[in-house]
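See structure below.
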Amino acid sequence: MAAHNIFAAMLDRVRNASDALVAAGVLPAGIDLSRVTVEPPRDPTHGDMATNVAMVLAKEAGKKPRELAEAFAAKLNSDEWVAKIDIAGPGFINLTLKLSAWLGALRDAVQRGPDFGKTDLGRGLAVNVEYVSANPTGPMHVGHGRGAVFGDALANLLDAAGFKVTREYYINDAGAQVDVLARSVFLRYREALGQDIGAIPEGLYPGEYLKPVGRALVTEFGDSLTKKRENESLPIVQAETIRQMMATVRDDLAALNIVHEVFFSEQSLIRGNVDQVAATIEWLRARGHVYEGRLPPPKGALPDDWEDREQTLFRSTAFGDDIDRPLKKSDGAYTYFASDIAYHRSKLARGFHTLIDIWGADHGGYIKRMQAAVAALSDGKADLDVKLIQLVRLLRAGEPVKMSKRAGEFVTLREVVDEVGRDAVRFMMLFRKNDAPLDFDLAKVIEQSRDNPVFYVQYGHARAQSVFRNAQAAFADLPSGAKGLLGAANLELLSDPAELALLRQIALYPRIIEAAALAHEPHRIAFYLFDLASEFHALWTQGTASPHLRFIIQNDRELTLARLVLVQGVVTVLASGLAILGVEAPNEMR
RNA sequence: GCGCUCGUAGCUCAGCUGGAUAGAGCAUCAGACUUCGAAUCUGAGGGUCGGGAGUUCGAAUCUCUCCGAGCGCGCCA
């Protein structure tokens with residue numbers, strides 16, 4: 001596969017130069033090249049690319065960095081891409097590339113279209129991304145939405161980077177929580193039958209959103225459930241409630257264009273032929289990872305109900321955790337952790353060795369034990385990365401939106417999506433690192449100004465498309481489509497520094513994809529797109545003061561063609577990046 | 001008391017898994033519209049990267065230690 005990442009391609013060339021220097025006896029055989037990088041310099045006056053090869057290899061080679069840099073410079077001088085080489089600072093090799101090298105990247109972008117930026121980094125490796133996994137006990141709020149958007153964009157990103165991604169949702173439909181849910185709904189059911197239920201007792205879910213579920217039960221069962229014993233009626237109520245709550249969840253996710261391939265039910269772990277939770281615990285016990293023992297009480301203030309007792313423990317300390325973790329509660333039931341271990345064992349059994357979980361920040365204390373469990377289950381061969389999603393603060397024009405959870409009232413995700421639209425929600429959720437708190441301003445995200453990055457990037461795309469519309473009007477016989485333009489254009493006519501800056505930004509895209517995919521950080525795409533849009537808007541506005549810099553030059557068809565290809569490169573990358581974020585790339589702003 | 005996530009311009013945040021003189025937006029100030037959509041752009045000022053120590057050619061980034069914020073701390077999920 002040809003290298004579409006121009007920086008990776010140059011790194012290969014540096015490595016080749018290294019091999020040549022080994023052959024020439026300048027470098028020792030088998031020297032470690034793993035720390036060698038080629039990257040864009042922070043300061044553009046340092047050229048197009050910089051490599052640290054001389055500094056990294058100096059010690060092992062027993063030579064001075066600058067001396068080694070001279071040797072590399074001599075080799076790289078004959079490279080077909082290289083126009084100029086400078087050695088600077090402690091031993092940086094600064095490379096200035098010929099225009100033809102950059103034009104190759106632009107050609108590549110326009111030629112490959114939506115595939116530009118995709119890499120085979122993942123080599124088809126199966127990755128499981130588990131995200132949202134909101135309990136089916138109520139509507140999703142914006143915090144869930146952030147995790148949902150993050151997980152979905154990360155899945156898209158990994159897909160673009162050549163991984164085989166499965167998007168998964170874990171339904172917590174077992175345990176005490178859903179029992180409480182069923183009892184709460186049963187009250188709403190009686191209420192729907194016209195009975196006086198009084199106030200919702202403490203400990204049950206008081207939310208209004210359960211009323212329709214109660215009414216649906218009346219429609220389906222009439223009053224027949226009131227005539228059964230609790231242990232018969234409640235399971236029916238519970239199953240029906242979970243079914244309806246999950247339908248709502250899927251619906252709300254669909255409003256964000258989020259579709260999971262796998263919905264994994266916690267109940268399925270224990271309701272099948274084999275109790276997978278028990279089986280998993282025994283599996284671990286057989287390997288010495290589970291034992292009966294006592295835990296020391298927590299330091300500091302002791303919980304009121306602390307009682308020292310022997311319990312079933314997972315030896316997570318053997319895998320880096322701070323303390324061993326209980327698998328059974330005092331009533332004999334499994335802990336949530338126990339079924340979560342069984343769940344992750346299922347992921348491993350289904351062939352995933354790279355697991356990514358998206359959790360709310362309040363679950364941070366849970367990471368070590370889960371990673372310990374995955375290590376124990378896989379004998380250290382599988383990797384679990386947990387991405388924590390920080391809180392979202394809802395604002396309206398700078399003022400916090402009231403989010404009272406009392407009486408189950410809060411702003412739902414659906415309300416926000418309906419108010420500001422899918423694109424605004426998705427982009428803004430991704431325009432921040434996942435572990436940083438996010439202010440989401442309902443007024444600002446629909447503002448049409450540079451203040452609003454969603455608009456700014458989408459406007460860039462729409463503006464670029466308008467160039468093509470205008471070009472069609474200016475020239476009657478323009479070739480149609482990206483490849484038609486490419487075939488007809490003489491790209492060597494691109495020469496202005498502002499054009500070249502844009503060109504370099506386009507060429508950066510595959511590198512951004514790779515880095516973002518490796519780091520599991522989709523926000524890097526959002527920031528990159530903002531920068532690309534910024535370069536494009538800058539070039540555009542220069543055309544107002546300097547007409548010769550406009551994309552369309554009425555009496556110069558050749559130059560116009562070359563510039564249209566450049567604009568096509570912008571369109572290609574903006575559309576591709578926005579697709580990864582799951583945001584629309586509009587042709588016009590309305 | 002312990003653990004996790006953080007601390008970067010007045011504000012909101014990036015900083016490419018260790019690179020060169022730390023960047024962007026907002027705000028402030030000064031400019032550019034008979035335009036390929038100014039819904040935009042150009043420039044200026046603004047920093048002990050929370051403090052200190054260490055690792056090395058080189059640290060906002062890695063280690064340690066303080067300070068501060070948020071989250072969590074058998075038998076909730």
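Here is how names work: the chains are called A, B, and so on, in the same order as the sequence lines, proteins then strands, and each is numbered from 1. Every value quoted in this text rests on a predicted model; they were computed, and no experiment measured them.
- At the heavy-atom level, A/R469 lies nowhere under 4.0 Å from the strands shown.
- Panel note: side chain A/N470, backbone A/S466; a donor-acceptor pair is recorded below 3.5 Å.
- Taking atom CG of residue A/L269 and atom C1' of nucleotide B/A77, one finds them 15 Å apart after rounding to whole Å.
- Among the heavy atoms of the strands lying under 4.0 Å from A/P326 are primed sugar atoms or P, OP1, OP2 only; no base atom is included.
- Backbone-only engagement by A/R463 is indicated by non-hydrogen atom pairs under 4.0 Å involving sugar-phosphate atoms exclusively.
- Nucleic acid contact class of A/F455 (heavy atoms, under 4.0 Å, all strands): base.
- In the set B/U40, B/C4, B/C16, B/C4 carries the atom at the smallest distance from any side-chain atom of A/K368.
- Pair assignment for B/C75 gives none, since no Watson-Crick or G-U wobble pairing has each distance under 3.5 Å.
- Look at A/H363 and the base of B/G72; the rings do not stack under the cut-offs of 5.5 Å between centres and 30° between planes.
- Partner assigned to B/C4 is B/G70, using Watson-Crick or G-U wobble distances below 3.5 angstrom.
- Rounded to a whole Å, the CD1 atom of A/I270 is 11 Å from the P atom of B/A77.
- Taking atom C1' on both nucleotides, B/A30 is separated from B/U55 by 47 Å, rounded to a whole Å.
- No engagement by A/V180 is indicated, since no non-hydrogen atom pair under 4.0 Å with the nucleic acid exists.
- Taking atom C1' on both B/C11 and B/U40, the two are 24 Å apart, rounded to the nearest angstrom.
- Among the nucleotides B/C36, B/C57, B/C75, the one closest to the side chain of A/N470 is B/C36.
- If you find the closest nucleotide of RNA chain B to A/A176 and to A/H46, the one lying nearer the 5' end belongs to A/H46.
- A stacked arrangement is not assigned to A/F92 and the six-membered base ring of B/G19, the conditions of a centre distance below 5.5 Å and an interplanar angle below 30° not being jointly met.
- B/C71 sits 31 Å from B/A27 when the C1' atoms are compared, rounded to a whole Å.
- Heavy-atom distances to RNA chain B give each of A/A538 and A/G364 a nearest nucleotide, and the one nearer the 5′ end belongs to A/G364.
- Atom name P, nucleotides B/U8 and B/A14: the rounded distance is 10 Å, in whole Å.
- Of the candidate nucleotides B/A77, B/G3, B/U21, B/A77 has the atom lying nearest to any side-chain atom of A/K329.
- In this structure, the nucleotide among B/C75, B/A77, B/C16 sitting nearest to the side chain of A/R524 is B/C16.
- For the residue pair A/L295 and A/D308, the shortest heavy atom distance occurs at O-OD1, 4.0 Å.
- A/Q458 and A/Q448 are not linked by any side-chain donor-acceptor pair at a separation below 3.5 angstrom, with hydrogens and angles left out of the test.
- A cation-pi contact links A/R315 to A/Y291, judged by a cut-off of 6.0 Å to the six-membered ring centre and 45° from its axis.
- Across all strands, A/E307 comes closer than 4.0 Å to base atoms (heavy-atom distances).
- Within the nucleic acid shown, A/R450 comes within 4.0 Å of sugar-phosphate atoms alone, with no base atom in reach, counting heavy atoms only.
- The six-membered or imidazole ring of A/Y343 lies near that of A/F264, with a centre-to-centre distance under 6.0 Å.
- As judged by a 4.0 angstrom heavy-atom cut-off over every strand, A/K59 is placed among residues touching the sugar-phosphate backbone only.
- B/C4 atom P lies 11 Å from atom CZ of A/R325, rounded to whole Å.
- The CZ atom of A/F427 lies 12.5 Å from the CZ atom of A/F455; values are rounded to the nearest 0.5 Å.
- Distances were taken from every side-chain heavy atom of A/D322 (C-beta onward) to each of B/G19, B/G3, B/G15; the shortest belongs to B/G3.
- Contact annotation for A/D451: backbone-only contact, meaning every heavy-atom pair under 4.0 Å involves sugar-phosphate atoms and none involves a base.
- Under a 4.0 Å N-O distance rule, the pair A/E447/A/K444 does not qualify as a salt bridge.
- Within the 4.0 angstrom heavy-atom criterion, only backbone atoms of the sugar-phosphate kind lie near A/A515; the bases stay farther away.
- Look at B/U63: its Watson-Crick or wobble partner, with both distances under 3.5 angstrom, is B/A53.
- Taking atom P on both B/C4 and B/U65, the two are 11 Å apart, rounded to the nearest angstrom.
- Applying the 4.0 Å criterion to OP1 and OP2 of B/G15, one finds that A/H523 has a side-chain N or O inside that range.
- A ring-centre distance under 6.0 Å is not found for A/F150 and A/H523.
- Pair assignment for B/A9: none, as no Watson-Crick or G-U wobble contacts are both less than 3.5 Å.
- Heavy atoms of A/Y366 sit under 4.0 angstrom from at least one base atom.
- As the counterpart of B/A20, no nucleotide is assigned, since no Watson-Crick or G-U wobble pattern has both distances under 3.5 Å.
- Shown for residues 426-441 of chain A: residues whose heavy atoms fall under 4.0 angstrom of RNA chain B, namely A/R432, A/K433, A/D435, A/A436, A/P437.
- The same atom, P, is picked in B/U61 and in B/G25; the two are 25 Å apart, to the nearest Å.
- Each of B/C4, B/U40, B/G58 was ranked by its minimum atom distance to the side chain of A/T541; first place goes to B/U40.
- B/G68 and B/G31 are spaced 42 Å apart, taking the C1' atom of each and rounding to whole Å.
- Rounded to whole Å, the distance from CZ on A/F530 to C1' on B/C41 is 13 Å.
- A donor N or O paired with an acceptor N or O is found under 3.5 Å between the base of B/A20 and the side-chain atoms of A/N94.
- For the pair A/R325 and A/F314, the cation does not sit on the ring face, since its NZ or CZ is not both under 6.0 Å from the ring centre and inside 45° of the axis.
- Counting only N and O atoms by type, the side chains of A/H520 and A/D385 include a donor and acceptor under 3.5 Å apart.
- Rounded to a whole Å, the OH atom of A/Y456 is 8 Å from the P atom of B/U40.
- The partner of B/U42 is B/A30, by the rule that a Watson-Crick or G-U pair needs both atom distances under 3.5 Å.
- One atom, CZ of A/R369, and another, P of B/C76, lie 13 Å apart when rounded to the nearest Å.
- Looking at heavy-atom distances under 4.0 Å, A/S449 makes contact with sugar-phosphate atoms alone, never a base.
- Taking the six-membered ring wherever Trp is involved, the centroid distance between the rings of A/F263 and A/Y170 does not fall below 6.0 Å.
- Side-chain contact annotation: A/Q505 with A/D531, donor-acceptor N/O pair under 3.5 Å absent.
- For A/R42 and B/C49, the CZ to C1' distance is 12 Å, given to the nearest whole Å.
- Among the protein residues, A/I367 comes within range of no part of the nucleic acid, since none of its heavy atoms lies under 4.0 Å from any strand.
- Across all strands, A/I553 comes closer than 4.0 Å to no nucleic acid atom at all (heavy-atom distances).
- The CG-C1' distance, from A/N52 to B/G19, rounds to 7 Å in whole Å.
- Taking atom P on both B/C62 and B/A24, the two are 24 Å apart, rounded to the nearest angstrom.
- The side chain of A/L388 sits closest to B/C4 out of B/C36, B/C4, B/G58.
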